[in-house]
Amino acid sequence: MSTRKIILFSVLGLLVIFGGYTAYVMGTTRNHSPADTATYENGDFSMEVSYCRPYKKGRMIFGPESDGALQPWGQYWRAGANEATQFKLTHPVIFGGKELAAGEYVMYAVPGENSWTIGLNNEIGRWGYFEVDHEKDVLSVESTPKNLSDVAEQLTISFQQADSATVNLNLVWDQTEVAVPIQIAG
């Protein structure tokens with residue numbers, strides 16, 4: 001067999017192995033971070049967050065990169081795992097004090113020790129690992145994280161009625177909770 005054929009078969013073999021491994025990881029990743037949906041409904045108004053829920057598994061989740069945090073302060077995070085986190089709403093709202101039109105958005109976060117940025121972006125249908133194109137950001141708001149005494153093993157996003165006009169969008173993981181107030185516009 002010629003050297004050229006050996007190299008060709010070697011490259012093809014490596015591509016098959018890499019492709020099989022990639023397919024396996026993509027096919028089983030939801031076992032490690034299952035998909036979930038948080039919903040809020042009030043009459044004909046609804047909001048929905050679709051995301052995947054990673055587990056803590058004994059890891060440091062938020063903190064300095066130098067300490068080995070899974071999600072270092074000041075760095076982009078898809079606010080979940082796997083695909084990008086999706087935020088949908090049927091009517092305009094005031095999201096964290098800023099006007100937001102009805103529609104579908106990618107939601108992301110930039111965690112910080114004393115302040116988090118929660119952003120909404122128009123890059124729908126994208127894989128979540130890679131940072132969004134910030135030129136397509138619709139808005140971003142700041143929120144102060146709250147330290148919790150109990151540990152939340154799995155990321156949970158939920159809606160909670162704060163008062164008659166406000167619903168909080170809550171992100172809870174490890175010992176951190178972040179809330180963004182949402183008011184129906186109009």
Side-chain angles (χ1 to χ4, degrees), residues 29-42 46-89 93-100 105-121 123 126-132 134 137-184:
T29 189
R30 290 259 175 123
N31 296 337
H32 307 291
S33 300
D36 203 355
T37 302
T39 58
Y40 174 83
E41 294 180 352
N42 186 355
S46 68
M47 295 185 287
E48 177 180 291
V49 176
S50 300
Y51 68 111
C52 290
R53 302 182 63 202
Y55 289 89
K56 178 175 170 56
K57 297 181 183 176
R59 302 175 289 187
M60 172 191 278
I61 302 301
F62 305 110
E65 185 172 20
S66 61
D67 289 350
L70 179 66
Q71 180 53 58
W73 287 322
Q75 293 187 22
Y76 171 85
W77 176 45
R78 59 188 145 184
N82 307 328
E83 298 86 3
T85 296
Q86 303 289 313
F87 180 79
K88 299 178 193 176
L89 66 162
V93 296
I94 304 299
F95 186 92
K98 296 182 179 180
E99 292 183 17
L100 177 65
Y105 304 96
V106 168
M107 186 173 81
Y108 68 89
V110 178
E113 184 173 7
N114 300 309
S115 181
W116 280 42
T117 300
I118 304 295
L120 298 174
N121 183 287
E123 279 191 285
R126 61 187 309 283
W127 184 253
Y129 179 76
F130 301 103
E131 189 162 351
V132 296
H134 291 286
D137 280 358
V138 174
L139 64 75
S140 65
V141 298
E142 298 299 313
S143 183
T144 302
K146 176 182 173 185
N147 292 322
L148 304 173
S149 57
D150 293 331
V151 173
E153 176 63 26
Q154 192 175 20
L155 171 66
T156 301
I157 298 176
S158 64
F159 292 102
Q160 180 183 29
Q161 194 78 44
D163 59 39
S164 62
T166 306
V167 175
N168 285 333
L169 171 63
N170 298 319
L171 287 86
V172 178
W173 197 17
D174 194 8
Q175 291 184 284
T176 302
E177 177 181 27
V178 175
V180 177
I182 301 171
Q183 297 175 318
I184 297 173

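Just so it is clear, the model here is predicted, and its values are computed rather than measured.
Across all their heavy atoms, Arg78 and Thr85 have their closest contact at O-OG1, 2.9 Å. Ser33 approaches Pro54 most closely through the heavy-atom pair OG-CA, 3.4 Å. For the residue pair Gly74 and Val110, the shortest heavy atom distance occurs at C-CG1, 3.6 Å. What you find for Thr144 and Asn114 is that their closest heavy atoms are CG2-O, 3.9 Å. The nearest pair of heavy atoms linking Asp150 to Gln175 is O-CG, 3.6 Å. Residue Trp173 comes nearest to Ala152 through the heavy atom pair CD1-O, 3.3 Å, listed as atom of the first residue, atom of the second, then distance.
The CH2 atom of Trp116 lies 10.5 Å from the CD atom of Glu177; values are rounded to the nearest 0.5 Å. Once rounded to the nearest 0.5 Å, the distance linking CD of Gln160 with OG1 of Thr166 reads 12.0 Å. Separating the OG1 atom in Thr39 from the NZ atom in Lys88 is a distance of 11.5 Å, to the nearest 0.5 Å. Taken from CD1 in Ile182 to CG in Asn168, the straight-line distance is 8.0 Å, to the nearest 0.5 Å. With values rounded to the nearest 0.5 angstrom, Gln154 atom CD is found 7.5 Å from Asp36 atom CG.
For the 3.5 Å distance criterion, the side chains of Glu142 and Thr117 qualify, holding a donor opposite an acceptor.
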Original post:
Ile61 and Thr176: side chain to side chain contact (heavy atoms under 4.5 Å, CB included), yes or no, with the steps?
Top reply: CA-CA 9 Å; Ile61 302 301; Thr176 302; over 6 Å; no
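Side-chain contact check for Tyr105 versus Phe95: every heavy-atom pair is 4.5 Å or farther apart. Using a 4.5 Å heavy-atom cutoff, the side chains of Tyr51 and Leu155 are in contact. Here the side chains of Phe87 and Leu100 are in contact, with some heavy-atom distance below 4.5 Å. Within the 4.5 Å cutoff, the side chain of Met107 has heavy atoms near those of the Leu169 side chain. Here the side chains of Gln86 and Val106 are in contact, with some heavy-atom distance below 4.5 Å.
Aromatic ring pairs are classed by plane angle as parallel below 30°, tilted from 30° to 60° and perpendicular above 60°; the pair Tyr108 and Tyr76 is tilted. Ring geometry for Tyr40 against Phe159 counts as tilted: the plane angle lies between 30° and 60°, on a 0 to 90° scale.
In terms of modelled atom types and a separation under 3.5 Å, the side chain of Thr156 and the main chain of Val172 share no donor-acceptor contact.
Under a cut-off of 6.0 angstrom, the local environment of CD in Glu99 is sparse, with at most 12 non-hydrogen atoms contributed by other residues, nucleotides or ligands.
Listed by first and then second residue, the salt bridge (Lys or Arg N to Asp or Glu O under 4.0 Å) pairs that reach into residues 55-69 are Lys56-Asp174, sequence neighbours excluded.
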